[in-house]
Amino acid sequence: MAHTAHPYHMVCPSPWPLTGAVAALMLTSGLAMWFHYNSKTLMVLGLILLLLTMYQWWRDVVRESTFQGLHTPPVQKGLRYGMILFITSEVLFFAGFFWAFYHSSLAPTPELGGCWPPSGVTALDPFEVPLLNTAVLLASGVTVTWAHHSIMAGQRRQAIHSLLLTVLLGFYFTLLQAMEYYEAPFTIADGVYGSTFFIATGFHGLHVIIGTLFLAICLLRQIQHHFTSGHHFGFEAAAWYWHFVDVVWLFLYVSIYWWGS
């Protein structure tokens with residue numbers, strides 16, 4: 001890269017795509033073996049290899065962007081487009097869950113009792129824990145925006161404090177949802193209501209956990225002076241993802257918890 005006459009990043013040969021593919025194969029095959037033969041060995045090995053690959057691959061990306069200066073403005077533009085396309089694919093992913101929910105709830109079949117929630121299912125009160133979770137996520141959206149403005153203004157301590165608040169709110173949301181699942185009066189096996197509820201809110205909860213870890217890594221990077229006012233796309237990507245998670249939750253709350261109850 002030191003002798004190139006263009007601003008693009010020609011990625012060096014890396015073993016991580018290969019190890020990632022092998023880890024994914026081992027993990028999915030291991031899951032099948034666990035389901036059918038109650039053997040967890042291959043699944044655990046695949047998970048360990050996947051975690052090692054993730055750590056080393058992302059370490060290399062941080063090194064290339066922060067210390068080697070290879071993420072030039074055209075490279076960052078490509079990364080932005082990639083993140084936008086990824087979030088678009090996530091929107092379509094959740095659209096399938098909303099489709100399933102509204103397909104079943106707008107015209108309940110006789111098997112469901114002709115009503116929604118189906119006969120025999122006691123829905124959760126939308127004005128208890130779900131409303132608190134909504135407030136928690138909206139507050140985290142405010143703190144992550146505060147962190148973004150602090151980074152752009154070069155206010156490092158404020159960025160650290162606001163990022164820490166966002167991560168804590170993310171963990172608090174996950175704790176509240178785990179308690180809600182534990183105390184729910186129905187399960188994922190309770191027909192189409194249980195399956196659509198737990199699949200939609202469960203995958204959203206998984207995205208909250210991923211986003212919280214994403215922001216926690218950004219917090220560690222901010223503490224280590226990785227971000228500047230003009231070079232912080234790693235944080236921007238995390239903030240975009242977190243705002244997406246916020247918006248999906250608002251649709252989930254209005255559709256499944258409030259209207260669906």
Side-chain angles (χ1 to χ4, degrees), residues 1 7 9 51-87 90 129-179 204-250 253:
M1 286 296 294
H9 178 202
L51 291 173
L52 288 172
T53 299
M54 289 161 58
Y55 171 77
Q56 293 172 105
W57 199 345
W58 294 338
R59 175 207 62 190
D60 289 352
V61 173
V62 170
R63 180 187 295 137
E64 291 162 357
S65 64
T66 306
F67 302 115
Q68 296 178 319
L70 300 179
H71 285 190
T72 59
V75 174
Q76 291 184 52
K77 186 177 181 181
L79 292 172
R80 283 181 168 82
Y81 284 148
M83 193 66 192
I84 290 170
L85 288 172
F86 170 68
I87 291 176
E90 293 283 278
V129 174
L131 184 60
L132 175 59
N133 259 345
T134 303
V136 169
L137 266 193
L138 290 177
S140 71
V142 173
T143 56
V144 80
T145 303
W146 173 23
H148 194 183
H149 285 283
S150 299
I151 290 174
M152 290 192 295
Q155 298 173 333
R156 181 171 172 272
R157 289 181 63 84
Q158 282 197 31
I160 291 173
H161 293 160
S162 50
L163 261 177
L164 179 60
L165 272 175
T166 308
V167 171
L168 291 176
L169 287 169
F171 279 121
Y172 184 43
F173 176 93
T174 302
L175 176 64
L176 286 173
Q177 192 165 35
M179 292 172 57
H204 176 268
L206 177 63
H207 282 69
V208 170
I209 293 171
I210 293 169
T212 304
L213 293 174
F214 201 170
L215 289 167
I217 297 300
C218 289
L219 173 61
L220 294 175
R221 294 189 63 194
Q222 175 66 14
I223 291 172
Q224 296 176 5
H225 300 270
H226 284 191
F227 298 136
T228 65
S229 57
H231 193 94
H232 55 268
F233 175 70
F235 168 78
E236 278 189 9
W240 291 357
Y241 187 83
W242 196 251
H243 287 310
F244 157 75
V245 167
D246 280 355
V247 172
V248 170
W249 174 257
L250 291 177
Y253 177 75

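Residue numbers run from 1 in the order of the sequence given. Nothing here was measured: the structure is a model prediction, and the numbers come from that model.
By the side-chain contact (heavy atoms from CB on, under 4.5 Å) test, Ser229 pairs with no residue at all, sequence neighbours left out. Applying the side-chain hydrogen bond (donor to acceptor under 3.5 Å, both in side chains) criterion to Thr134, with sequence neighbours excluded, gives Trp249. Every ring pair (Phe, Tyr, Trp, His ring centres under 6.0 Å) that His232 has, sequence neighbours left out, goes to His148. With sequence neighbours left out, Thr166 forms a side-chain hydrogen bond (donor to acceptor under 3.5 Å, both in side chains) with Thr143. Among residues two or more places apart in sequence or in another chain, the salt bridge (charged side-chain N to carboxylate O under 4.0 Å, His left out) test is passed with Glu64 by none. Taking the side-chain hydrogen bond (donor to acceptor under 3.5 Å, both in side chains) definition, one finds that Glu90 meets it with His207, sequence neighbours left out. Listed by chain and residue number, nothing satisfies the salt bridge (charged side-chain N to carboxylate O under 4.0 Å, His left out) test with Arg59 (two or more places apart in sequence, or in another chain). Considering only residues two or more places apart in sequence or on other chains, Arg80 meets the salt bridge (charged side-chain N to carboxylate O under 4.0 Å, His left out) condition with Glu236. Applying the side-chain hydrogen bond (donor to acceptor under 3.5 Å, both in side chains) test to Gln76 and every residue at least two apart in sequence or in another chain returns His231. The ring pair (Phe, Tyr, Trp, His ring centres under 6.0 Å) search around Trp242 returns none, not counting sequence neighbours. Residues forming a side-chain contact (heavy atoms from CB on, under 4.5 Å) with Trp57 (at least two apart in sequence, or on another chain): Trp16, Pro17, Thr53, Val61.
Within the model, atoms CG of Asp246 and OG1 of Thr145 stand 8.5 Å from one another, a figure rounded to the nearest 0.5 Å. In this structure, the separation between CD on Gln155 and OG on Ser150 is 5.5 Å, given to the nearest 0.5 Å.
Of all non-hydrogen atoms in Val245 and Leu137, the two that sit nearest each other are O-CD1, 4.3 Å. Taking all atoms of both residues into account, the shortest heavy-atom contact from Ala159 to Ser162 is O-OG, 3.1 Å. Considering every non-hydrogen atom in both Thr72 and Gly69, the closest pair reads CG2-O, 4.2 Å. Contact record, Ala147 with Leu163: CB-CG, 4.0 Å, taken as the closest heavy-atom pair.
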Apply side-chain contact (heavy atoms from CB on, under 4.5 Å) to Tyr172 and Leu132, showing your working. CA-CA 10 Å; Tyr172 184 43; Leu132 175 59; 3.8 Å; yes
How far apart are the C-alpha atoms of Met152 and Phe227, what are their side-chain angles, what is the distance that settles it, and do they pass the side-chain contact (heavy atoms from CB on, under 4.5 Å) test? CA-CA 9 Å; Met152 290 192 295; Phe227 298 136; over 6 Å; no
From CA spacing to verdict: side-chain contact (heavy atoms from CB on, under 4.5 Å), Tyr241, Val144: CA-CA 11 Å; Tyr241 187 83; Val144 80; over 6 Å; no
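Around atom CE of Met179, no more than 12 heavy atoms belonging to other residues, nucleotides or ligands sit under 6.0 Å away.
Two residues are said to be in side-chain contact when any heavy atoms from C-beta on lie closer than 4.5 Å; Leu165 and Trp146 meet this criterion. Put simply, the side chain of Phe233 reaches to within 4.5 Å of the side chain of Trp240, judged on heavy atoms. Residues Gln177 and Thr174 are not in side-chain contact: their nearest non-hydrogen atoms beyond the backbone lie 4.5 Å or more apart.
Without hydrogens or angle criteria, Ser65 side chain to His71 main chain gives no donor-acceptor distance under 3.5 Å.
Side-chain rings of Phe173 and His204 approach one another, their centers coming within less than 6.0 Å.
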Exercise answer: donor-acceptor pairs, residues 210-224 side-chain atoms, under 3.5 Å, sequence neighbours excluded:
from   : atom 1 : to     : atom 2 : distance (Å)
Thr212 : OG1    : Val208 : O      : 2.7
Arg221 : NE     : His226 : ND1    : 3.1
Arg221 : NH2    : Thr66  : OG1    : 2.8

